[in-house]
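On a predicted model such as this, the values are computed, not experimentally measured, just so you know.
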Amino acid sequence: MKLLIAEDDTKLLKSLIHVFEHNRFSADGVTNGADALEYAKTNQYDGLILDVMMPELDGLEVLRKLRNLGINTPAMFLTARTEVYQRVEGLEAGADDYLAKPFSTAELIARVRAMLRRKDNYMPDLLQCCGMQLNRSTYELSCGDNIQPLSAKEFQIVEILMEHHGTIITTEQLVSRIWGWDAEVDTSVVWVHISNLRKKLNAIGANAEIRFIRNAGYILEGQA
């Protein structure tokens with residue numbers, strides 16, 4: 001699950017990215033409304049976390065523009081503006097939720113997960129593919145009674161491959177989706193995580209494999 005976080009307080013932005021990555025999300029961060037609009041327009045995110053008061057464009061204007069473009073990515077406002085009329089204004093702009101600062105980290109994660117569950121393309125906690133189950137709550141991959149815990153990056157990679165079972169995913173798509181557009185990640189890092197995942201597929205006795213197709217990318221193959 002990939003989030004876009006728009007927050008002009010750079011210290012808070014770094015903290016939010018750390019919190020979400022610790023909870024097995026991937027996240028891109030921007031510090032102004034203009035960048036938030038351009039990133040969100042790519043429609044590559046599962047959820048948006050927006051500050052209201054930002055330079056260039058405020059969060060309300062960003063969300064109104066996105067909704068006018070037909071982009072319905074779930075969105076939450078994080079803001080110090082706590083008056084009832086301000087919350088109503090945010091919801092009427094197209095937000096799915098509104099959380100006042102300061103906030104509890106546990107509540108933030110819980111509300112973001114609840115927001116994402118309300119998506120039109122609802123994603124259940126258990127993702128099933130090729131006789132395997134990926135538990136989005138415990139970050140474990142299982143087949144029958146055999147279970148393997150996954151690291152954050154392993155979880156994100158196998159989630160993408162399972163969601164797109166039978167489709168080639170390029171290394172560049174994995175890097176962009178998991179590490180972010182601006183990340184300077186050597187492709188060998190992806191290979192290391194894929195190698196570890198292959199071992200874990202073997203360990204749980206999965207009837208599936210992650211195959212590399214030269215000059216194309218990776219594909220998860222197996223019986224659905």
Side-chain angles (χ1 to χ4, degrees), residues 1-33 35-37 39-40 43-55 57-64 66-67 71-127 134-140 149-156 159-160 163 177-180:
M1 303 289 271
K2 187 166 189 177
L3 303 174
L4 175 65
I5 306 172
E7 169 59 60
D8 67 342
D9 182 331
T10 55
K11 185 176 180 180
L12 177 56
L13 177 61
K14 290 180 180 178
S15 296
L16 288 170
I17 290 174
H18 174 75
V19 165
F20 281 111
E21 289 183 342
H22 179 73
N23 284 275
R24 270 60 173 189
F25 291 87
S26 57
D28 287 335
V30 295
T31 57
N32 64 75
D35 284 346
L37 179 61
Y39 275 58
N43 217 8
Q44 295 296 308
Y45 297 96
D46 298 298
L48 310 175
I49 312 297
L50 305 172
D51 188 14
V52 173
M53 303 302 294
M54 292 187 292
L57 290 173
D58 66 41
L60 295 169
E61 191 172 358
V62 169
L63 192 55
R64 289 192 188 104
L66 291 172
R67 297 305 188 234
I71 295 174
N72 296 314
T73 308
M76 171 187 288
F77 281 122
L78 293 183
T79 179
R81 302 170 82 238
T82 58
E83 295 294 330
V84 171
Y85 80 90
Q86 293 170 329
R87 296 199 298 272
V88 171
E89 187 179 26
L91 295 171
E92 289 184 341
D96 297 86
D97 204 351
Y98 195 107
L99 185 58
K101 301 175 182 176
F103 49 82
S104 156
T105 297
E107 182 182 6
L108 171 63
I109 296 299
R111 290 175 70 161
V112 167
R113 285 179 173 152
M115 176 180 77
L116 296 178
R117 285 196 294 270
R118 292 194 297 269
K119 290 174 61 176
D120 290 339
N121 55 333
Y122 167 66
M123 293 186 178
D125 286 341
L126 288 179
L127 175 60
L134 180 66
N135 191 316
R136 289 185 168 113
S137 296
T138 63
Y139 316 116
E140 294 174 330
L150 303 175
S151 70
K153 293 296 186 285
E154 289 169 359
F155 172 83
Q156 291 165 343
E159 181 182 40
I160 292 171
E163 286 176 342
R177 180 81 175 172
I178 296 170
W179 283 269

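Between L16 and L3, the closest side-chain pair of non-hydrogen atoms is not below 4.5 Å. In this structure the side chain of L50 reaches within 4.5 angstrom of the side chain of L63, judged on heavy atoms. The closest side-chain heavy-atom distance from M1 to E159 is below 4.5 Å. By the 4.5 Å heavy-atom criterion applied to side chains, L12 and K101 are counted as neighbours. Looking at N23 and V112, their side chains never come closer than 4.5 Å, going by heavy atoms from C-beta outward. Side-chain contact check for L78 versus L108: some heavy-atom pair is nearer than 4.5 Å.
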Report the C-alpha distance between W179 and K153 in whole Å, list the side-chain angles of each, state the deciding distance to 0.1 Å, and finish with yes or no for side-chain contact (heavy atoms from CB on, under 4.5 Å).
CA-CA 9 Å; W179 283 269; K153 293 296 186 285; 3.3 Å; yes
For T73 and L66: C-alpha separation, side-chain torsions, deciding distance, then whether side-chain contact (heavy atoms from CB on, under 4.5 Å) applies.
CA-CA 9 Å; T73 308; L66 291 172; over 6 Å; no
side-chain contact (heavy atoms from CB on, under 4.5 Å) between L134 and L150: does it pass, once the steps are laid out?
CA-CA 10 Å; L134 180 66; L150 303 175; 3.5 Å; yes
I'd like to know whether L4 forms a side-chain contact (heavy atoms from CB on, under 4.5 Å) with I49, so could you lay out the CA-CA distance, the side-chain angles of the two residues, the decisive distance to 0.1 Å, and finally the verdict.
CA-CA 6 Å; L4 175 65; I49 312 297; over 6 Å; no
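A salt bridge between R67 and D96 is present, with a side-chain N of the basic residue lying under 4.0 Å from a carboxylate O of the acidic one.
A ring pair (Phe, Tyr, Trp, His ring centres under 6.0 Å) with F25 holds for exactly one of Y45, F155, F20; it is F20. When each of L48, V52, L99, D97 is checked for a side-chain contact (heavy atoms from CB on, under 4.5 Å) with F77, only V52 meets the rule.
Here the closest non-hydrogen pair linking S26 and I178 is CB-O, 3.4 Å. Nearest heavy-atom pair, I71 versus A40, reported as atom, atom and distance to 0.1 Å: CD1-O, 4.0 Å. Minimum heavy-atom separation, M76 to R111: CE-CB, 3.7 Å. Minimum heavy-atom separation, L60 to A93: CD2-CB, 4.0 Å. When every heavy atom of P74 is checked against every heavy atom of M115, the shortest pair comes out as CB-CG, 3.7 Å.
Atom CG of D9 is separated from atom NZ of K14 by 10.5 Å, given to the nearest 0.5 angstrom. The distance from the CE atom of M53 to the OG1 atom of T79 is 8.0 Å, given to the nearest 0.5 Å.
Side chain of Y39 to main chain of I5: no donor-acceptor pair is present (N/O by atom type, distance under 3.5 Å, no hydrogens or angles). A donor-acceptor contact shorter than 3.5 Å is absent between the side chain of D8 and the backbone of N32. One N or O on the side chain of N135 and one on the backbone of T138 form a donor-acceptor pair closer than 3.5 Å.
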